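From a predicted model like this one, the values you see are computed outputs, not experimental measurements. Numbers for residues simply follow the sequence, beginning at 1.
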Amino acid sequence: MKKRLSSFLIISCFLLISFISNAQNKIITGKVLDVNEPMPAVSIVLKGTNLGTSTDESGKFKLSVPSSGGKLIFSFIGFTTKEIEIGTQTEINITMVPDVTQLAEVAVVGSRNAKRTQLDTPAPVDIINVSELASTLPQPDLAQMLKQIAPSFNALNAIGADLDSHVTPVQLRNQPPNQTLLLVNGKRRHVSALLQLYNKTGPSTSADLMTIPSAAVNKVSILRDGAAAQYGSDAIAGVMNLELKSTVNELTASYFSSIYKAGDGLTNQFMINYGLPLGNKGGFINMSGEITNRNKTSRTPDGGYSGSIYGDAYLNNQIKDEYGKIQITNPEALANPDNAALKTDEGLMKARGLSRSDFQMINGLSQMTNGTFFVNMGVPLTATSRFYAFGGLNYRNTLSGCYYRFPRQQERSNYDIYPNGFLPQLTSILADKSLAMGVQGKMGVFDVDFSNTFGSSSMDYGMVNTLNASYGNESPTTMNLGANIFNQNTTSIAFSHYFNEAFGGAVKGVNLAFGTEMRVENFTIKQGQEESYTKGTAGIFVAPSDNFNYTKNINPAVKDDKGNDIILSKKGDKLDFKLFSKLSVLQRVCAESGSRW
């Protein structure tokens, strides 16, 4: 009776809390139009909060907000941002107005013409003001922020895909990541050292967006059509340019924390940006930092793994070791022969204090700690020239789960080390560094840009809670699997000039641009420790065919490749195969008779 009353009170309290929570919120619905046409993907955020949504294909939206009200911010690229007071309204319908000033922004990507704007580009260029969106979107990560705004852009967050879940590549038009070119301040960004295999578009490499803090980015320009004609075959899907901030005497800082409804994936992120003037002629240095800590996520079936765990041979003590002797894998059943339940998965798990959830793989985002520092600077040299430099450092530590190795899989497991199987986990340490320096100035009538850009990405990877079953009990459980290192250095010089009137005024508005570039790339693979890629001798029986079988008590079923009996010798805890060829006839006789030799 007391238990029923207690349960009733708990449920009643829960329903009361839910009722109060719902009573303190109200639902706002509405529709967003462009003149008379519905506008999909319009961002709608409650000002000063992370509460937000976006319109569907019919321009409609639905958002739960506090009953106290506030202001809704409606924003879309190329349109004037609107702020609407909620008040007592429950339905808000608005019409967005095009913003001509946004469309008149200079479009550097896709043209060497410094006077070309979005209105007169031969192909459409998306210009996204990241510094403004960062305060309204509920996504602080640069890649996830662009996914919400930029058409056909995707950032692949691979889950349960080995090392692919440790980086964030960029992708346009659902093409392979290595067909999207990433520029920073107009300079080619180096790619990650990781060769990605699980992106569903084939093996490829890509620049890693997690190496660049969103606090350092002012604008992002995206060109999709005709990018390969100007930037080469690695821009078939398009080209993205990240323009870094150059503000001074302005401090911006933010802290972001989130967790999934399932109770995992807790993320804490801190970002800061500040700039200082250099000299009194317009020089600057702008610095940005970001620290992110994210716990793993895992989406597994309710109740855990539902398949076979131990297997009949394990439960009935029928597994043999490398010497052919029976290995006691279920001592609980031997100690309690009348308890038939101990010869079942459920019974043995209960006796060992385990459940099916203990045998489940981790299927979700990897655990990650990421730290990034970025600098952008410019210093005037003369009235027509300036020196510029930018670059950054990134360090990341990640951990992700693999498939569970069950105790029934004796070819993959080891009873002495992992009596209940094991869940190996991949680790990686990523280090990324970049530095670009250059001089812009005049040479005759031409604008000249001479620069050198260096980038390096390294990934050391390993495994913990692992095993190489072919080494038996001597296998290490923590292994260094190797490292990938990628270096890229690009030296370029570019000339351009805009002729208002060319050929004696016959042609107006002609831009001439030319240049040359040399790029050197180097990729290195370093091997890991020997046990991570070689095959041991545990469980492998080898012996010369001319030996007599005097050790049938070890494994009477062992034959040579001709079907003849062969002998085995044991030295310590390992088989000593080299000893056979050195035995004399006398030693063989003594061994067969049981004498010591």
Side-chain angles (χ1 to χ4, degrees), residues 9-34 38-77 79-97 99 128-149 214-215 251-273 290 292-295 297 365:
L9 290 174
I10 291 173
I11 294 172
S12 299
C13 290
F14 177 77
L15 292 175
L16 181 61
I17 292 171
S18 299
F19 174 78
I20 293 173
S21 176
N22 289 329
Q24 293 175 344
N25 289 272
K26 63 179 180 179
I27 303 298
I28 303 295
T29 60
K31 190 172 185 178
V32 181
L33 300 175
D34 173 12
M39 286 188 64
V42 175
S43 175
I44 306 165
V45 177
L46 181 64
K47 189 174 182 179
T49 72
N50 286 330
L51 297 175
T53 185
S54 58
T55 55
D56 59 18
E57 293 181 357
S58 60
K60 296 180 180 180
F61 71 92
K62 182 179 180 181
L63 180 64
S64 176
V65 301
S67 58
S68 58
K71 289 184 178 181
L72 289 182
I73 301 175
F74 295 79
S75 60
F76 192 81
I77 299 172
F79 288 80
T80 302
T81 299
K82 284 193 173 184
E83 292 190 14
I84 305 296
E85 187 73 41
I86 297 175
T88 59
Q89 301 180 83
T90 57
E91 182 177 353
I92 299 176
N93 300 314
I94 70 166
T95 300
M96 300 292 284
V97 178
D99 187 351
I128 303 167
N129 196 319
V130 175
S131 58
E132 290 183 3
L133 291 173
S135 60
T136 58
L137 284 181
Q139 292 283 358
D141 181 77
L142 178 61
Q144 301 308 311
M145 194 184 302
L146 293 175
K147 282 176 66 175
Q148 305 297 320
I149 300 297
S214 57
L251 174 66
T252 58
S254 63
Y255 171 75
F256 176 85
S257 182
S258 68
I259 191 170
Y260 287 97
K261 186 178 179 180
D264 57 4
L266 176 63
T267 301
N268 291 289
Q269 185 178 61
F270 175 74
M271 295 180 289
I272 189 170
N273 173 266
E290 178 182 305
T292 303
N293 182 267
R294 183 186 70 197
N295 290 337
T297 63
L365 296 175

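- Residues Phe74 and Val32 have side chains in contact (heavy-atom distance under 4.5 Å, counting atoms from C-beta outward).
- Applying the side-chain hydrogen bond (donor to acceptor under 3.5 Å, both in side chains) rule to Lys60 yields no partners; only residues at least two apart in sequence or on another chain are considered.
- Contact of the Pro66 side chain with the Leu46 side chain is registered, since non-hydrogen atoms from C-beta on lie closer than 4.5 Å.
- Residues satisfying the side-chain hydrogen bond (donor to acceptor under 3.5 Å, both in side chains) criterion with Thr292, sequence neighbours excluded, are Gln269, Glu290.
- Under the 4.5 Å side-chain criterion, counting only non-hydrogen atoms from C-beta, Ile28 is in contact with Ile92.
- Looking at heavy atoms from C-beta onward, Ile86 lies in side-chain contact with Leu72 at the 4.5 angstrom threshold.
- The shortest side-chain heavy-atom distance between Thr81 and Ile73 falls under the 4.5 Å cut-off.
- Residue Phe61 holds its CZ atom at 10.5 Å from CG of Asp56, rounded to the nearest 0.5 Å.
- At least one side-chain heavy atom of Ser214 sits less than 4.5 Å from a side-chain heavy atom of Met271.
- Leu63 contributes atom CG, which lies 12.5 Å from atom OG1 of Thr55 (distance to the nearest 0.5 angstrom).
- Interatomic distance, CD1 of Ile44 versus CZ of Phe76, reported as 12.0 Å (0.5 Å rounding).
- Here the CG atom belonging to Asn295 is positioned 8.0 Å from the CD1 atom belonging to Ile259, to the nearest 0.5 angstrom.
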**Request:** Give the intermediate values and the outcome of side chain to side chain contact (heavy atoms under 4.5 Å, CB included) for residues Ile84 and Ile94.
**Result:** CA-CA 9 Å; Ile84 305 296; Ile94 70 166; 4.1 Å; yes
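- When all heavy atoms of Asn273 and Ala215 are compared, the pair lying nearest together is ND2-O, 3.5 Å.
- When the shell of 6.0 Å around CD of Glu57 is examined, it contains 12 or fewer heavy atoms from other residues, nucleotides or ligands.
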**Item:** Test log, rule side chain to side chain contact (heavy atoms under 4.5 Å, CB included), inputs Thr80 and Ser75
**Value:** CA-CA 7 Å; Thr80 302; Ser75 60; over 6 Å; no
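- Every residue was checked against the salt bridge (Lys or Arg N to Asp or Glu O under 4.0 Å) condition with Asp34, not counting sequence neighbours, and none meets it.
- Side-chain contact between Leu365 and Tyr260 is present, with heavy atoms from C-beta onward closer than 4.5 Å.
- Looking at residues two or more places apart in sequence or on another chain, you find a side-chain contact (heavy atoms from CB on, under 4.5 Å) between Thr95 and Leu33.
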**Asked** Between Val130 and Leu142, does a side chain to side chain contact (heavy atoms under 4.5 Å, CB included) hold up when you go through it step by step?
**Response** CA-CA 8 Å; Val130 175; Leu142 178 61; 4.1 Å; yes
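- When atom types are taken as modelled, the side chain of Thr267 and the backbone of Gly265 share a donor-acceptor pair closer than 3.5 angstrom.
- When the salt bridge (Lys or Arg N to Asp or Glu O under 4.0 Å) test is applied to Lys62, no partner is found at least two apart in sequence or on another chain.
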**Request:** Just do the side chain to side chain contact (heavy atoms under 4.5 Å, CB included) check on Asn268 and Phe256 with the steps written out, would you?
**Result:** CA-CA 6 Å; Asn268 291 289; Phe256 176 85; over 6 Å; no
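- Nearest heavy atom pair, residue Pro38 against residue Gly59, reads CB-N, 3.9 Å.
- Within the structure, salt bridge (charged side-chain N to carboxylate O under 4.0 Å, His left out) contacts touching residues 255-268 (residues at least two apart or in different chains) are Asp264-Arg299.
- The two residues Asn25 and Ser64 come nearest to each other via the heavy atoms CB-OG, 3.7 Å.
- No donor-acceptor pair under 3.5 Å is formed between the side chain of Ser67 and the backbone N or O of Lys26.
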